[in-house]
Amino acid sequence: MILVTGANGQLGTVLTIALKERYGNDKVLASDVINKGNNTGLFEIIDATDFNALQHIVKKYKVSQIYHLAAILSAKGEQNPILSWEINTKTLLNVLEVSRLNKVEKVFYPSSIAVFGQNAPKENTPNNSILDPETVYGISKVDGENWAQYYYKKYNLDVRSLRYPGVVGYQSLPGGGTTDYAVDIYHKAVIGNAFSCFLKADTKLPMIFIDDAVRATIELMGAPEHQIKIRTSYNISGVSFTPKEVAEEIQKQLPDFRIIYKPDFRQDIADNWPESVDDTKAQEHWNWKPKYNLSTITDIMLEKLKEQYKRAI
Ligand code: SER
């Protein structure tokens with residue numbers, strides 16, 4: 001059985017479906033802290049900060065793989081740093097330790113571009129750059145990457161990890177991240193509203209279309225073990241763009257769309273992150289290659305969201 005924690009989240013929603021398509025409906029157990037009732041297959045409420053609750057489910061379903069997606073993201077994390085630290089680090093340690101004790105074969109741990117800080121190169125940030133994050137989310141991800149590597153080296157637990165850029169998708173909403181604007185902007189455009197952007201017009205950040213993000217995860221987890229040579233986390237890139245560039249791309253199809261800029265505390269977070277990351281290692285080790293650029297992302301986002309909003313009327 002494959003267990004997904006944080007299955008109600010932006011990535012979890014879509015990854016759970018992709019895993020079911022690949023491995024079968026009855027082989028994937030979705031979990032989260034609440035049941036939204038929108039999950040068609042197996043679902044368990046799990047608070048992964050509770051070691052015993054997690055272990056109970058792992059034993060009950062004979063879990064052999066865990067995709068541990070539950071976490072508090074960058075912007076929300078800054079509103080309650082101690083709680084965010086506790087949730088992000090405790091849940092990972094529980095997942096690693098339960099996996100070790102119960103012979104779980106593989107664990108996926110999502111890291112983030114948030115691991116980088118001011119002293120990493122801004123452009124084409126290499127995989128092994130200095131990691132000096134300034135958000136509690138970024139600090140917890142650096143910590144998590146090192147724990148992942150520790151469990152691999154010390155206990156031979158096959159933990160694999162990606163540093164996701166901002167994820168852009170139509171199937172689910174992000175929650176509490178600094179890159180969330182890149183999803184919200186499409187929703188506002190489709191419903192005909194102006195968009196108030198919390199980042200400045202020229203804030204360039206690494207992003208990835210959700211289909212690429214899900215495919216990267218499945219390809220990383222499916223690669224032969226000897227190909228995984230980085231046990232902290234792999235940079236992966238999709239595309240980099242600014243709010244202004246997204247707005248202009250949208251305006252090609254919706255010329256009346258308007259954007260205004262009202263930067264808030266999230267601007268400081270973004271200013272410390274890379275503009276683009278170098279994913280040569282992922283390309284070389286397990287053949288990573290993104291498929292989507294800003295223009296194809298925009299075409300799909302506008303088309304799919306128009307359908308969604310039409311259905312909702
Ligand atoms: N999308 C995340 C965030 O903005 C970055 O990993 O917090």
Side-chain angles (χ1 to χ4, degrees), residues 9-11 71-81 83-84 112-118 120 122-123 125 133-141 164-210 213 237-277 293-295 297-302 304-306 308-309 312:
Q10 185 195 17
L11 197 59
I72 306 290
L73 294 186
S74 60
K76 200 168 167 207
E78 293 312 287
Q79 276 141 23
N80 197 337
L83 182 65
S84 305
S112 161
I113 52 164
V115 294
F116 299 112
Q118 266 185 358
K122 272 241 161 269
E123 277 180 50
T125 312
E134 295 189 19
T135 59
V136 69
Y137 174 67
I139 300 170
S140 73
K141 289 295 179 190
Y164 292 115
V167 176
V168 183
Y170 58 89
Q171 302 96 322
S172 50
L173 289 172
T178 303
T179 55
D180 293 11
Y181 91 84
V183 176
D184 296 343
I185 191 171
Y186 289 107
H187 284 263
K188 293 292 183 301
V190 165
I191 58 181
N193 287 355
F195 179 63
S196 174
C197 186
F198 57 73
L199 297 181
K200 290 183 197 156
D202 59 352
T203 311
K204 191 170 170 188
L205 288 171
M207 301 281 183
I208 191 167
F209 188 50
I210 189 132
S237 71
V239 56
S240 284
F241 53 73
T242 66
K244 183 162 181 275
E245 285 165 345
V246 192
E248 284 169 359
E249 202 59 43
I250 291 172
Q251 282 158 348
K252 287 183 190 165
Q253 294 189 46
L254 300 168
D256 293 337
F257 174 66
R258 290 287 164 267
I259 183 167
I260 52 163
Y261 298 96
K262 287 194 178 159
D264 64 17
F265 72 101
R266 289 168 279 195
Q267 185 67 44
D268 291 338
I269 298 177
D271 285 344
N272 279 308
W273 286 358
E275 292 187 350
S276 59
V277 294
N293 59 28
L294 179 57
S295 146
I297 291 172
T298 302
D299 286 348
I300 299 173
M301 288 297 287
L302 293 179
K304 296 287 186 186
L305 290 178
K306 274 181 202 162
Q308 276 177 24
Y309 281 106

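Values below: all heavy atoms of this structure, side chains included; hydrogens, waters and symmetry mates excluded.
The two residues Phe257 and Gln251 have their closest heavy-atom pair at O-NE2, 2.8 Å. The two residues Ile208 and Gly238 make their nearest non-hydrogen contact at CG1-CA, 4.1 Å. Considering all non-hydrogen atoms of both residues, Ile72 and Tyr137 come closest at O-CD1, 3.0 Å. Nearest heavy atom pair, residue Ala247 against residue Ile185, reads N-CD1, 4.3 Å. Shown here for Ile210 and Gln171, the closest heavy-atom pair between the two residues is CG2-OE1, 3.2 Å. Annotation for Phe241 and Met207: closest pair CZ-CG, 3.4 Å, computed over non-hydrogen atoms.
A distance of 4.5 Å separates CD in Gln79 from CZ in Phe265, rounded to the nearest 0.5 Å. Glu78 CD to Arg266 CZ: the interatomic distance, rounded to the nearest 0.5 Å, is 12.0 Å. Rounding to the nearest 0.5 Å places CD1 of Ile191 at 12.0 Å from CD of Gln308. Asn193 contributes atom CG, which lies 13.5 Å from atom CZ of Arg258 (distance to the nearest 0.5 angstrom). Between atom CG of residue Leu11 and atom OG of residue Ser172 there is a gap of 7.5 Å, rounded to the nearest 0.5 Å. Considering CG of Asn272 and CZ of Phe116, their distance stands at 13.0 Å, rounded to 0.5 Å.
The backbone N or O of Ser276 sits less than 3.5 Å from a side-chain atom of Thr125, completing a donor-acceptor pair. Put simply, the side chain of Glu249 never gets that close to the backbone of Leu294: no donor and acceptor are under 3.5 Å apart. Counting only distance, with no hydrogens or angles, the side chain of Glu134 and the backbone of Ile269 share no donor-acceptor pair below 3.5 Å. Judged by distance alone, the side chain of Lys76 and the main-chain N or O of Gly177 form no donor-acceptor pair under 3.5 Å.
Within the 4.5 Å cutoff, no side-chain heavy atoms of Lys200 are placed close to those of Lys244. Side chains of Leu73 and Gln10 form no contact here, defined as non-hydrogen atoms less than 4.5 Å apart. Residues Glu275 and Thr242 are not in side-chain contact: their nearest non-hydrogen atoms beyond the backbone lie 4.5 Å or more apart. Side-chain contact between Tyr186 and Tyr170 is absent, with no heavy atoms from C-beta onward closer than 4.5 Å. Side-chain atoms of Lys262 and Ser196, non-hydrogen and from C-beta on, do get closer than 4.5 Å to each other.
Atom NZ of Lys306 sits in a crowded spot, with more than 12 heavy atoms from other residues, nucleotides or ligands closer than 6.0 Å.
For Ser74 and Thr178, the side-chain atoms include at least one donor-acceptor pair closer than 3.5 Å.
Evaluation of the salt bridge (Lys or Arg N to Asp or Glu O under 4.0 Å) rule for Glu245 yields no partner, not counting sequence neighbours. In this structure, the ring-ring contact (aromatic ring centres under 6.0 Å, His included) partners of Tyr309, at least two apart in sequence or on a different chain, are His187.
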With side-chain contact (heavy atoms from CB on, under 4.5 Å) as the criterion, how do Ile250 and Phe195 come out once you've worked through the C-alpha distance, each side chain's angles and the decisive distance to 0.1 Å? CA-CA 12 Å; Ile250 291 172; Phe195 179 63; over 6 Å; no
